[in-house]
Structure formats: structure tokens, C-alpha cells
Asks: 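Structure in C-alpha cells, see below.
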Amino acid sequence: MRWSDFYLFTTREDPADAEVVSHRLMVRSGMLRKLAAGIYTYQPLGWRSMRKLMEIVRRELEVAGCVELSMPAVQPAELWQESGRWQKYGKELLRFEDRHQRGFCFGPTHEEVITDLVRRDVSSYRQLPLSLFQIQTKFRDEIRPRFGLMRGREFLMKDAYSFHADGDSLDEAYRALHDAYVRIFEACELDYIVVEADSGTIGGSSSHEFMVLADTGEDAVLFCKGSGYAANVEKATTRLAPPPPLPALEEPEAVDTPDAGSIGAVTKLLGVEPAQTVKTLVYESDKGFFAVAIRGDRTINEIKLKNVTDSLWIQLAEAPEVERLTGAALGYAGPCGLPDEVQLLVDESAAALQSFVCGANRTEVHLRGVQWQRDVGRSRTVDVLLAEPGDPCPRSGQALEGCRGIEVGHIFKLGTVYSSAMGCTFADENGQEQPMEMGCYGLGIGRTVAAAIEQNHDDDGISWPLPLAPFTVLLAALNPKDEAVVRTAEELYEQLRRAGHDVLYDDRDERPGVKFKDADLIGIPVRVVVGARSLEAGGVEFSLRSDREKRIVAVDELLAEVGAVVGGSSRV
RNA sequence: CGGGGCGUAGCUCAGCCUGGUAGAGCGCACGGUUCGGGACCGUGAGGCCGGAGGUUCAAAUCCUCUCGCCCCGACCA
């Protein structure tokens, strides 16, 4: 491709509204342009990288036995009402009506559509298992789109769905997709880890996320090198060591604790460790009020809390509400003697304490020597603890390490959640009707490309991993008025093209400095510069974006040099 | 939705506090000098100062309302 024929316009200045590197560089390099919040045009250069990734994804999914199809972006409300998600999905689901006032939404995901398709076509165990995928534009009306392609509203996603007669078959497909994802991210040369994940509104049992490691990642991950355990903090568990026990008392003792509405103040006043106390927080949800008791030094994981309470939404109750329910000022809530309308949940970390200090549900009073069995009413023990770096690994007991990641892939075992709700059934060997076991497997196309930039850039611009580079070779003719330079460059351009290389030929009438700066910015892996100076030195200048070490290569050896780095043809 | 910030030329921004009728750099066009790391000189085009209302002799500037965008939080494949 000749630059002069291509559609590629770089900018010198950073865009005012871009924060993270990938967003900034994609805009500056002419890959991406915002149309509205979270909605972008992929300019030709950006689209080429997306296409490279899509080809890798297609290749590996087909190896894993998936078949490509394409489903509508606009979906009828009835399907979503049938699965129950028309109510459940919230404001992220972009809903609208057609001219006949029929309800529609712009698909944020396609479980309903695919389940509807398969239930119409498939009726026997003999037709199973099946795996289908598409690469398609989704829309989620995110509360806060940000970071360019990392969290857009409209975005490209590869989504795959599998259908099975039994759980073993689902396990098999799940593993096959897992392995395909591994091959995809390996092929992209990305640094990533696979973590256990919360399954969110999609629902279902088992779930793993593929995280590209990056400090700008939106997700926090905990992992243990010893055991291989790795989980999103939303999901991560730990095995906390109990604190030194406090002496048992005959009965709880009320202590005046003026101005001690926080764990810090209470522990100071009573001379105990935060870990020897229990703090109680009151939550409000669509399932009513919950008091959550957790060890005083720890934080509640609200994702886990939402899951264990099976609620659509849950949030800390407002102060007046808390005061009404506990009969005490904020900061003095405790597990003893709560009204019936409040359900008590006790985190395992708190349940493990034999004798502890907690709020008395009386303003400026705490209790000490409280014991669960003896002093606290009906409660449910749950895991709602936010695990933190340094906590013991649930498998090996070694300290967990923390890092941040960009979620680029997420795979779920859905079980029969959708097939049951929507009557996607088959006849088994005995002629009995059964709901199909389902899996679903997402992979963010734009997000992966953005993640690749987060991981591969420097102060001057992008440094593409070869497989995702929009072009693999940049050929620059430095002085387009110098006949020898132009002749050599044109000849090399033809040679490289004929050899099947994806070559961008910078034939613009620009000063050398501009060409070099642009070359660094757009980050094509292999750079070949033809200039009067290089010709004098006996050839053309050859360098890699990754190290930028330049050397002169004879014109007739260039093809071999490029081939040695790039391999064979790489065109999209 | 809560908190904070920003909307002025294609882009990045100054001007606003203290009202007097529009600026810079980059980019663009033309001419000249340059030509291996975002050149220089000259000339020029380009703005309903996000929108609506108000105050005022006079509003980019002050007030009210609105729309859009960004950041933090809650939320999310």
C-alpha cells in the first residue's frame, strides 16, 4: 500500500480526551476516531490490526471445532423477556421501539438469539454437541465508558456458544475453547494469565477470565506462583490465619466507647487488635436489609455479597436507615439483637473468632467477650471477604501476589440457565426431553488490540507485536525527488509485495524527520529506509521497531532479510 | 446516579477572575529557502467563543437553564 493512496493521518498532539496510552496512541496514529462517548470509527490502519486479530481468532476457533455464523445486532424484546433478562439486565441494555411500538434492544450479547436458533434446529442428542461463534458489534450502554477501546459502548466482540447433551461434553468444549484462547493470546504474543472469575449477570457456574497484564488494567488479580492459583479479586478466596484469641467471658460485657465509631478508635480504646473485633455493616438491597459481620481488619467484597444474597442490586444503607434498624448511631452496629427485618450474614473471617469485640447496637457502647453460639441469634455464614495481596493462597498457603489486568476473554459454563428458561431441549437416548447444557465464550477484539498497545509501546509510539501489526514492513523513500532513491524504493516495494509482505510504502513528499516520527508512532515492526545516504553506503537501511538498531543491507539481499524476521506472507 | 473538571479556528490551548466586540502554536493554502529525526521566512484562508434565556449602553467574559465531553466513585463480558 502506498501511503499517498492510503487513508492515514497522524497527529502531533495528544488528543485532549485520551487518558491511557493505548487510546492516546491509537488516536494519534490515525487508527481510531471518537464519534460519541464510547463509540468509535476504526480508521483503515486500526481496522487492519483488528482484521489481523480476527483472522487469528477464526483460525483457532475453527481448530477448536467452532462454526462461524452471524446474528442480528437488533433483537426483539420478547426473547429477552423469555430469558428473564429484559428485567434483570438494567440500563446497560439499550432498548428502543420500532415504528409499531414493538420493543427491541441492541444486543449486548447473544445468548437469547443463539438459544432461540438452536432450539428451532436441534432436537436430538445425535445432533449435539455444537459450537457456534460470530464476530460482531455489540452495544452496552455502560455507565461510564472510558479508556478508548478498553471500555467502549459499541465494540467488536467474538462470542461463541456451545450446546451439549451432558456436563461432560460441556467440560470438553470448555477445555477446547480455553485451549483455543491460550493459542490465540500466545499467537498475539501477549503477556496474560488465566484467572477464576465471577460470572456476573450472564449467570452460570464455572468461569475463567483471560487477563492481559497491564498496570492500567481495570481488574485486580491475585495469584500464587507456587500453586498456580489465580483469581479476579471479585472472586478470590483466601484462608486467613486466626488472630490471637481474646479471653472468654461468662457473658458479654458492655463497655462505654465514646467517640469510637470506627474500628481504629475502638481498638485503641480497648487495647485489642482490629482482627479481634467484628464490624457490622448494614446493606440495603432488592432482597431487603442485610447486616454483614466481618472481621474488623477486613473489607467486604460487594460482588460476593451480591451473589450470596442473590440480589439484583445491593448497597450500603443510608445513615438514617442504619440508625433506625440498629437503634444506634452509625458506627455502633453489631450482630446481637438486630430486628427481624434484617438478615444477618457472618463472614467466615468473623465466624472463626471465638470471643470478640463488636458494636452493641447502642450509641457509644461496644460489647466484649461476645461468642456466636451463645450471644448471637440466627445467622448465615458466608464468604464475602475481599482477598488482598499478602493473604494466604487458598491452596498453598503462600502469600498471594497482586497485579492488574485487562479482561480480554471470558469463558463461562452456563449450564441450563438459558436452555431451561427458553425451552432449548433435545431428546436423549431414552427419548426423554432434556434442556441442553450450554457454554459461552467471549473475546473482546478491540480490547485485545488496545491491550497489545498497552503492552507494546514506548515514548515515541506503538511497537506492534508482529501478528497484530497493521502492516509488517514500512518502506520509506526519504527524498522523493532523488531519482535513484525513488527507483530503488519503487523496485523494493514491488519485490516486497510480490513476496506477499504487508508493506506500507511511505512515498509522501515529506521531510525525513516527519517520516521517521510517523514511522515510530505507527510502530510497524520492520522498517526499511531508502535514502541518498544509505545508497551511498551500499544499500538500504534496515531496522526493527523493537530495538531500532540500524544496519545497511544490500538491495538484493533485502527480501531475504525481511523474510528472516517476518517469515513468509502475512497479508490480511 | 453522586463528586470534580472542561466546551473558544481542523488539532492543542490562552483570553474569562477585573465586561469594551477574537488570540497563539501546530495543521491547511500560496511563494521562497531547505531536505536523514515532527525545518525556516513571508503571505493568506479559517471562529454563531457548545446551545437557549437573562443582566448590561456593551457579554467569550457575569447570572440561570440546557446539551456534550473528560476524570474519580458505584456498576459491568
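Lettering of chains follows the sequences in order, A, B, ..., and the numbering in each one begins at 1. Excluded from the calculations below are hydrogen atoms, water molecules and symmetry mates; all remaining heavy atoms, backbone and side chain alike, are included. Every value quoted in this text rests on a predicted model; they were computed, and no experiment measured them.
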Asks: Rounded to the Å, how far apart are A:Phe9 CZ and B:C26 C1'?
Replies: 17 Å
Asks: Considering only B:G38, B:C1, B:C76, which nucleotide approaches the side chain of A:Ile143 most closely?
Replies: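 Ranking B:G38, B:C1, B:C76 by closest atom to the A:Ile143 side chain puts B:C1 first.
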Asks: What is the distance from CG of A:Asp518 to P of B:A39, rounded to the nearest Å?
Replies: 11 Å
Asks: What is the pairing partner of B:C30, taking Watson-Crick or G-U wobble pairs with both distances under 3.5 Å in any strand?
Replies: B:G42
Asks: With a 4.0 Å limit, can you tell me whether A:Arg12 has a side-chain N or O closer than that to the phosphate oxygens OP1/OP2 of B:G25?
Replies: no
Asks: Are any of A:Lys550's side-chain N or O atoms less than 4.0 Å away from OP1 or OP2 of B:G36?
Replies: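 Indeed not, no polar side-chain atom of A:Lys550 lies that close.
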Asks: Measure the distance from CD on A:Glu142 to P on B:C69 and round it to the nearest whole Å.
Replies: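 Taking CD of A:Glu142 and P of B:C69, I get 15 Å after rounding.
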Asks: With hydrogens left out and only the distance checked, is there a donor-acceptor pair under 3.5 Å joining A:Arg146's side chain and the base of B:C70?
Replies: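 Side chain to base: no pair present.
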Asks: Report the base-pairing partner of B:C11 (Watson-Crick or G-U wobble, both distances below 3.5 angstrom), or none.
Replies: B:G25
Asks: Is any N or O donor-acceptor pair between the side chain of A:Glu13 and the base of B:G25 shorter than 3.5 Å?
Replies: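 A donor-acceptor contact between them is present.
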Asks: Could you please name the partner base of B:A74, counting Watson-Crick and G-U wobble pairs only when both distances are under 3.5 Å?
Replies: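 Pairing partner, where one exists within any strand: none, as none qualifies.
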Asks: A:Thr10 and A:Asp518: side-chain donor and acceptor closer than 3.5 Å?
Replies: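 Yes - a donor-acceptor pair under 3.5 Å links their side chains.
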Asks: Can any side-chain N or O of A:Arg85 pair as donor or acceptor with the backbone N or O of A:Trp80 at less than 3.5 Å?
Replies: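 Such a contact is absent between A:Arg85 side chain and A:Trp80 backbone.
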Asks: Answer with base, sugar-phosphate or nothing: what part of the nucleic acid does A:Asp14 contact at a heavy-atom distance below 4.0 Å?
Replies: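 Sugar-phosphate contact only.
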Asks: Give me the distance, rounded to whole Å, that separates B:C62 from B:A24 when you measure between the C1' atoms they each carry.
Replies: 26 Å
Asks: What's the gap between B:G38 and B:G19 when it is taken at their C1' atoms, as a whole Å value?
Replies: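 Roughly 40 Å separates the two C1' atoms.
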Asks: Please give, in whole Å, the distance from B:A74 P to A:Arg151 CZ?
Replies: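 From A:Arg151 CZ to B:A74 P: 12 Å.
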Asks: When all nucleic acid strands are considered with a 4.0 Å heavy-atom cut-off, which category describes A:Lys138: base, sugar-phosphate, or nothing?
Replies: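 Contact class for A:Lys138: none.
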Asks: Round to a whole Å and report the spacing from CG of A:Asn232 to P of B:C75.
Replies: 13 Å
Asks: Please confirm whether the backbone N or O of A:Glu111 pairs with a side-chain atom of A:Thr115, one donor and one acceptor, at under 3.5 Å?
Replies: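 Such a contact is found between A:Thr115 side chain and A:Glu111 backbone.
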Asks: Figure out the CD/P separation between A:Glu541 and B:G36, and round it to whole Å.
Replies: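 Whole-Å distance recorded here is 12 Å.
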Asks: Would A:Arg95 and A:Trp86 count as a cation-pi pair here, with the cationic atom under 6.0 angstrom from the ring centre and within 45° of the axis?
Replies: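 Yes, A:Arg95 and A:Trp86 form such a contact.
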Asks: Start with the C-alpha gap between A:Glu154 and A:Lys138, add the side-chain angles, then the distance that decides, and say whether salt bridge (charged side-chain N to carboxylate O under 4.0 Å, His left out) holds.
Replies: CA-CA 6 Å; A:Glu154 184 177 305; A:Lys138 306 276 192 261; over 6 Å; no
Asks: Do the side-chain N and O atoms of A:Tyr181 and A:Glu60 include a donor-acceptor pair separated by under 3.5 angstrom?
Replies: no
Asks: Which nucleotide, if any, forms a Watson-Crick or G-U wobble pair with B:A60, using both distances under 3.5 Å?
Replies: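 Paired with no nucleotide.
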Asks: For a quick check of understanding: with a heavy-atom distance under 4.0 Å over all strands, which category does A:Arg508 fall into, base, sugar-phosphate or nothing?
Replies: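 Contact class for A:Arg508: none.
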Asks: Contact class for A:Ile303 vs. all strands (heavy atom < 4.0 Å): base, sugar-phosphate, or nothing?
Replies: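 It contacts sugar-phosphate atoms only.
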Asks: Write down the partner of B:G36 under the Watson-Crick or G-U wobble criteria, each distance required to be under 3.5 Å.
Replies: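 Partner of B:G36: none found under 3.5 Å.
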Asks: Can you pull out the residues from residues 20-29 of chain A that lie within a 4.0 Å heavy-atom distance of RNA chain B?
Replies: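 Contacts with RNA chain B under 4.0 Å: A:Arg28.
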Asks: Given that A:Pro512 and A:Ala18 both sit by RNA chain B, which one's nearest nucleotide is further toward the 5' end?
Replies: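 Upstream on the strand: A:Pro512.
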Asks: By nearest heavy atom, map A:Leu35 and A:Val530 onto RNA chain B; which one lands nearer the 5' end?
Replies: A:Val530
Asks: Phosphate oxygens OP1/OP2 of B:C76: is one of them under 4.0 Å from a side-chain N or O of A:Lys306?
Replies: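 Checking B:C76 against A:Lys306, a side-chain N or O does come within under 4.0 Å of OP1 or OP2.
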Asks: Would you indicate what A:Phe155 reaches in the nucleic acid, counting non-hydrogen atoms under 4.0 angstrom: base, sugar-phosphate, or nothing?
Replies: base
Asks: So what does A:Glu407 hit on the nucleic acid, given a heavy-atom distance under 4.0 Å: a base, only sugar-phosphate, or nothing?
Replies: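 Contact class for A:Glu407: sugar-phosphate only.
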Asks: Looking only at side-chain atoms of A:Asp17, point me to the closest of B:A39, B:C70, B:C75.
Replies: B:C70
Asks: OP1 or OP2 of B:A39 sitting under 4.0 Å from any side-chain N/O of A:Arg511?
Replies: yes
Asks: Can you tell me if the side-chain N/O atoms of A:Arg144 get under 4.0 Å from OP1 or OP2 in B:A74?
Replies: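 Negative; the distance criterion is not met.
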Asks: Pairing check on B:G47: which nucleotide meets the Watson-Crick or G-U wobble criteria with it, both distances under 3.5 Å?
Replies: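 Its partner is none (no Watson-Crick or G-U wobble pair with both distances under 3.5 Å).
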Asks: Assess, by modelled atom type and distance only, whether the side chains of A:His457 and A:Glu454 contain a donor and an acceptor separated by less than 3.5 Å.
Replies: no
Asks: Once you apply the 3.5 Å cut-off to both distances, tell me the Watson-Crick or G-U wobble partner of B:C6, or none.
Replies: B:G68
Asks: Assess the pair A:Phe223 and A:Tyr229: is the distance between their ring centroids shorter than 6.0 Å?
Replies: no
Asks: Take a 6.0 Å sphere around CZ of A:Arg548 and say whether it holds more than 12 heavy atoms from other residues, nucleotides or ligands.
Replies: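 More than 12 heavy atoms, drawn from other residues, nucleotides or ligands, come within 6.0 Å of this atom.
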Asks: Say we look at B:C70 and B:G23: how far apart would their C1' atoms be, to the nearest angstrom?
Replies: 25 Å
Asks: Nearest to the side chain of A:Arg533, heavy atoms from C-beta on, is which of B:C70, B:G36, B:C72?
Replies: B:G36
Asks: What's the CG-P distance between A:Asn479 and B:G36, to the nearest Å?
Replies: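 Taking atom P of B:G36 as the reference, CG of A:Asn479 is at 8 Å.
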Asks: Return the pairing partner of B:G19 with a 3.5 Å limit on both distances, Watson-Crick or G-U wobble; otherwise return none.
Replies: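 Partner of B:G19: none found under 3.5 Å.
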Asks: With a 6.0 Å cut-off on the ring centroids, do A:His23 and A:Tyr40 count as close?
Replies: yes
Asks: Between B:A52 and B:C67, how far is it from one C1' atom to the other, in whole Å?
Replies: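 That atom pair is separated by 10 Å.
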Asks: Would you mind reporting whether A:Tyr418 and A:Met438 have side-chain heavy atoms less than 4.5 Å apart?
Replies: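 Touching, per the 4.5 Å side-chain cut-off.
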Asks: With respect to the side chain of A:Thr10, which nucleotide from B:G38, B:C13, B:C69 is positioned closest?
Replies: B:G38
Asks: Sticking with atom P, work out how far B:U66 lies from B:C30, rounded to a whole angstrom.
Replies: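 After rounding to an integer number of Å, I get 48 Å for this pair.
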Asks: What's the gap between B:G53 and B:C69 when it is taken at their C1' atoms, as a whole Å value?
Replies: 23 Å
Asks: Can you figure out which of B:G36, B:C75, B:C69 approaches the side chain of A:Phe516 most closely?
Replies: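 Among the listed nucleotides, the one closest to the side chain of A:Phe516 is B:G36.
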Asks: Using side chain to side chain donor-acceptor pair (under 3.5 Å) as the criterion, point out the one residue from A:Gln315, A:Lys306, A:Glu302 that pairs with A:Tyr283.
Replies: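 Answer to the side chain to side chain donor-acceptor pair (under 3.5 Å) test with A:Tyr283 among A:Gln315, A:Lys306, A:Glu302: A:Glu302.
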Asks: When you compare B:G5 with B:C48, how far apart are their C1' atoms, in angstrom units rounded to a whole number?
Replies: 25 Å
Asks: In whole angstroms, how far is the C1' atom of B:G73 from the CZ atom of A:Phe147?
Replies: 12 Å
Asks: Could you work out the separation of B:A14 and B:G25 based on their C1' atoms and round it to a whole Å?
Replies: 10 Å
Asks: Across the strands shown, which category fits A:Gly513 at heavy-atom distances under 4.0 angstrom: base, sugar-phosphate, nothing?
Replies: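 Counting heavy atoms under 4.0 Å across all strands, the contact made by A:Gly513 is with sugar-phosphate only.
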